[in-house]
Amino acid sequence: MNIQTGSEVVLHFSIKLSDGSVADSTKVNNKPAKLVIGDGNLTEGFEQCLLGLNKGDEKSFTLQPEQAFGQPNPDNIYYLDRDKFGTDVPPEEGTIVAFTQPDGTELPGVIRDVAGQSVTVDFNHPLSGQVLTFDVEILEVNNAQQLNS
């Protein structure tokens, strides 16, 4: 049974940067990811690489930024006043801070620069603009007709 649109898939994945370092991996905590192909949670480029794979398959594929997390958007970079940060978490370059949006959801931002009272926060995905290699191991594939029976 192969992966198609609507398939529920359980897999292990690792994301590697162009220098070979691992940015993320489900194998670290041995907790595979569970996802549905076509539900909008994955980039189309990543999903296209999974289509047709079967349980037990292992595959490695490299995606350009446009196929993965996109190019950084300059509109997602904000300059905040240092006073907006509490004393418990002083702003430091490279730190990821969760900001609560008006609807209550949290949005992570990476502090890119701290200059005097100005703090530059980047709300682009931390892996945007990067060429990434994905290593996947397909553990389970359940297709929609199986789920409904």
Side-chain angles (χ1 to χ4, degrees), residues 2-53 55-142:
N2 64 7
I3 297 174
Q4 51 196 273
T5 299
S7 295
E8 185 180 83
V9 181
V10 178
L11 74 156
H12 272 300
F13 70 85
S14 296
I15 303 173
K16 294 179 186 171
L17 305 177
S18 55
D19 67 2
S21 62
V22 176
D24 193 12
S25 178
T26 59
K27 291 188 175 186
V28 171
N29 295 315
N30 197 29
K31 290 189 176 180
K34 184 177 186 179
L35 50 94
V36 176
I37 302 297
D39 70 358
N41 285 318
L42 296 176
T43 65
E44 188 176 336
F46 183 78
E47 285 189 349
Q48 291 298 317
C49 294
L50 296 177
L51 293 176
L53 295 180
K55 178 180 177 176
D57 285 352
E58 293 186 33
K59 185 176 178 184
S60 181
F61 47 91
T62 300
L63 297 179
Q64 296 301 309
E66 295 76 15
Q67 299 169 299
F69 296 101
Q71 292 290 352
N73 180 346
D75 293 339
N76 291 337
I77 296 175
Y78 289 82
Y79 303 93
L80 304 176
D81 195 292
R82 189 181 195 122
D83 296 339
K84 299 276 187 210
F85 295 83
T87 53
D88 55 328
V89 183
E92 292 182 18
E93 193 172 320
T95 303
I96 298 174
V97 179
F99 293 86
T100 305
Q101 300 182 95
D103 66 1
T105 60
E106 288 194 344
L107 182 66
V110 179
I111 296 175
R112 296 290 182 204
D113 187 44
V114 179
Q117 287 295 67
S118 179
V119 179
T120 305
V121 182
D122 185 348
F123 289 101
N124 286 294
H125 190 285
L127 296 176
S128 65
Q130 307 249 7
V131 175
L132 302 170
T133 298
F134 292 82
D135 294 332
V136 298
E137 177 186 355
I138 308 303
L139 303 175
E140 290 180 38
V141 177
N142 294 305

Partner residues of [X] under the side chain to side chain contact (heavy atoms under 4.5 Å, CB included) criterion, sequence neighbours left out:
X: V131; result: T62, Q64, P65
X: D83; result: D81, Q117
X: S21; result: L17, D19

(message) side-chain contact (heavy atoms from CB on, under 4.5 Å), that's the test. Do N41 and L35 meet it? Break it down for me.
(response) CA-CA 8 Å; N41 285 318; L35 50 94; over 6 Å; no

The criterion is side-chain hydrogen bond (donor to acceptor under 3.5 Å, both in side chains); which residues satisfy it with [X], sequence neighbours excluded?
X: D57; answer: none
X: T95; answer: none
X: N73; answer: none

Would you name the heavy atoms of [X] and [Y] that are closest together and state the gap between them?
X: G109; Y: V121; result: CA-CG1, 3.8 Å
X: T133; Y: S60; result: CG2-OG, 3.5 Å
X: I96; Y: P108; result: CG2-CB, 4.0 Å
X: E47; Y: D39; result: OE2-N, 4.1 Å
X: C49; Y: L53; result: O-CD1, 3.9 Å
X: V114; Y: P91; result: CG2-O, 3.6 Å

(message) Restricting to salt bridge (Lys or Arg N to Asp or Glu O under 4.0 Å), what partner residues turn up for R112, sequence neighbours left out?
(response) D122

(request) Quick one: list whatever passes salt bridge (Lys or Arg N to Asp or Glu O under 4.0 Å) with D135, sequence neighbours left out. (result) K16

(request) Return each pair, listed once, that meets salt bridge (Lys or Arg N to Asp or Glu O under 4.0 Å) where at least one residue sits in residues 21-30; pairs must be two or more places apart or across chains. (result) K27-E137

(request) Could you list all the salt bridge (Lys or Arg N to Asp or Glu O under 4.0 Å) pairs where at least one residue sits in residues 92-105, not counting sequence neighbours? (result) none

(message) Taking ring pair (Phe, Tyr, Trp, His ring centres under 6.0 Å) as the cut-off, I'd like each qualifying pair that reaches into residues 24-46, sequence neighbours left out, listed once.
(response) F46-F61, F46-F134

(request) Mind jotting down which residue pairs meet the ring pair (Phe, Tyr, Trp, His ring centres under 6.0 Å) criterion with at least one end in residues 102-133? Sequence neighbours excluded, please. (result) F69-H125, Y78-F123, F99-F123

(message) Side chains of V141 and N2, heavy atoms from C-beta outward: is any pair under 4.5 Å?
(response) no

